[in-house]
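The chain is numbered in sequence order, starting from 1. Just the heavy atoms: all of them, side chains too, but no hydrogens, waters or symmetry mates, feed the values below.
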Amino acid sequence: QARLVESGGGLVQTGDSLRLACVASGRTLNNMSLGWFRQAPGKEREFVAGISTLRGATGYADSVKGRFTISRDNAKSTVYLQMNSLRPEDTALYYCAAAQGATTAVSMRVSKLYTTWGQGTQVTVSS
């Protein structure tokens, strides 16, 4: 069974950048769609970005569109989330997740579709 491990979180200031990485072990990511979700204290987990196996199609939450970029390197079994122009409201625990097969622009936003989750990496943006 695949295991996902996130890294790259930290404490930054408004306007700074971070790149999160999620490395998979135990299986290849080639046939899996990947997503990043986040959960802030007292709030529900929300979709941030996704990348499908289908032509590498990507999707973003409106709140991060234009600032965040998701990418994948199947050879390294790694998915990345480049986060620019960070804001205090981006503060959350960020999780990567993997789903078997292709996702669509709609389905990639559904957390129940993802069967494997990492433990999360904390991102804190100070004002």
Note to self: Just to verify, what does R109 make a side chain to side chain donor-acceptor pair (under 3.5 Å) with, not counting sequence neighbours?
What the structure shows: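 Partners of R109 under the side chain to side chain donor-acceptor pair (under 3.5 Å) test: none.
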Checklist line | In one Ile/Leu/Val/Met/Phe/Trp/Tyr side-chain cluster, 4.5 Å: V64, V79 | finding: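 Linked, V64 and V79 end up in one cluster.
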Next item on the list: Establish whether V123 and Y60 are linked, either directly or via other cluster members, by ILVMFWY side-chain heavy-atom contacts under 4.5 Å.
Entry: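 Shared cluster, yes.
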Interatomic spacing from [atom1] in [X] to [atom2] in [Y] - rounded to 0.5 Å:
| X | Y | atom1 | atom2 | value |
| --- | --- | --- | --- | --- |
| L34 | T116 | CG | OG1 | 10.0 Å |
| R72 | S77 | CZ | OG | 9.5 Å |
| Q119 | S7 | CD | OG | 9.0 Å |
| L29 | K76 | CG | NZ | 13.5 Å |
| C22 | Y94 | SG | OH | 14.5 Å |
| N30 | N74 | CG | CG | 4.5 Å |

With heavy-atom distances below 4.5 Å as the criterion, would you say the side chains of [X] and [Y] are in contact?
| X | Y | result |
| --- | --- | --- |
| Y95 | L93 | yes |
| E6 | W36 | yes |
| T69 | M83 | no |

Notebook entry, point to check: If you look at every heavy atom in L113 and S107, which pair is closest and at what distance?
Noted result: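 The pair with the smallest heavy-atom distance is CD2-O, 3.5 Å.
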Item checked: Heavy-atom pair with the smallest gap, counting every atom of A57 and M108 ->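 Heavy atoms of A57 and M108 come nearest at O-CE, 3.8 Å.
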Between side-chain atoms of residues 40-52 and protein atoms elsewhere (two or more places apart, or another chain), which donor-acceptor pairs fall under 3.5 Å?
{"unit_1": "E46", "atom_1": "OE2", "unit_2": "R38", "atom_2": "NE", "d": "2.6"}
{"unit_1": "E46", "atom_1": "OE2", "unit_2": "R38", "atom_2": "NH2", "d": "3.2"}
{"unit_1": "S52", "atom_1": "OG", "unit_2": "L54", "atom_2": "N", "d": "3.0"}
{"unit_1": "S52", "atom_1": "OG", "unit_2": "T103", "atom_2": "N", "d": "3.1"}
{"unit_1": "S52", "atom_1": "OG", "unit_2": "T103", "atom_2": "O", "d": "3.0"}

Next item on the list: Applying side-chain contact (heavy atoms from CB on, under 4.5 Å), run through L4 and W117 and close with a yes or a no.
Entry: CA-CA 6 Å; L4 303 176; W117 292 79; 5.7 Å; no
Check: If you look only at pairs with a residue in residues 48-77, which of them pass as a disulfide bond (SG atoms under 2.5 Å apart), with sequence neighbours excluded?
Finding: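 Of all non-adjacent pairs touching residues 48-77, none passes disulfide bond (SG atoms under 2.5 Å apart).
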Next item on the list: Apply the test side-chain contact (heavy atoms from CB on, under 4.5 Å) to residues D90 and R67: give CA-CA distance (whole Å), side-chain angles for both, the deciding distance (0.1 Å), then the verdict.
Entry: CA-CA 11 Å; D90 295 319; R67 299 187 298 123; 2.8 Å; yes
Kindly list each side-chain donor-acceptor pair under 3.5 angstrom involving residues 8-20, sequence neighbours excluded, with atom names and distances?
{"unit_1": "T14", "atom_1": "OG1", "unit_2": "S126", "atom_2": "O", "d": "2.8"}
{"unit_1": "D16", "atom_1": "OD2", "unit_2": "Q13", "atom_2": "N", "d": "3.0"}
{"unit_1": "S17", "atom_1": "OG", "unit_2": "N84", "atom_2": "OD1", "d": "2.9"}

Margin query: K112: which residues meet the salt bridge (Lys or Arg N to Asp or Glu O under 4.0 Å) condition with it, sequence neighbours left out?
Written below: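 Applying salt bridge (Lys or Arg N to Asp or Glu O under 4.0 Å) to K112 gives none.
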Checklist line | Stepwise side-chain contact (heavy atoms from CB on, under 4.5 Å) check, R3 with V5 | finding: CA-CA 7 Å; R3 178 170 174 256; V5 179; 3.7 Å; yes
Notebook entry, point to check: Any sub-3.5 Å donor-acceptor pair from T53's side-chain atoms to S33's backbone N or O?
Noted result: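 No, the answer is negative, given that no donor and acceptor are paired below the 3.5 Å cut-off.
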Check: Who are the side chain to side chain contact (heavy atoms under 4.5 Å, CB included) partners of S71, not counting sequence neighbours?
Finding: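 By the side chain to side chain contact (heavy atoms under 4.5 Å, CB included) rule, S71 matches Y80.
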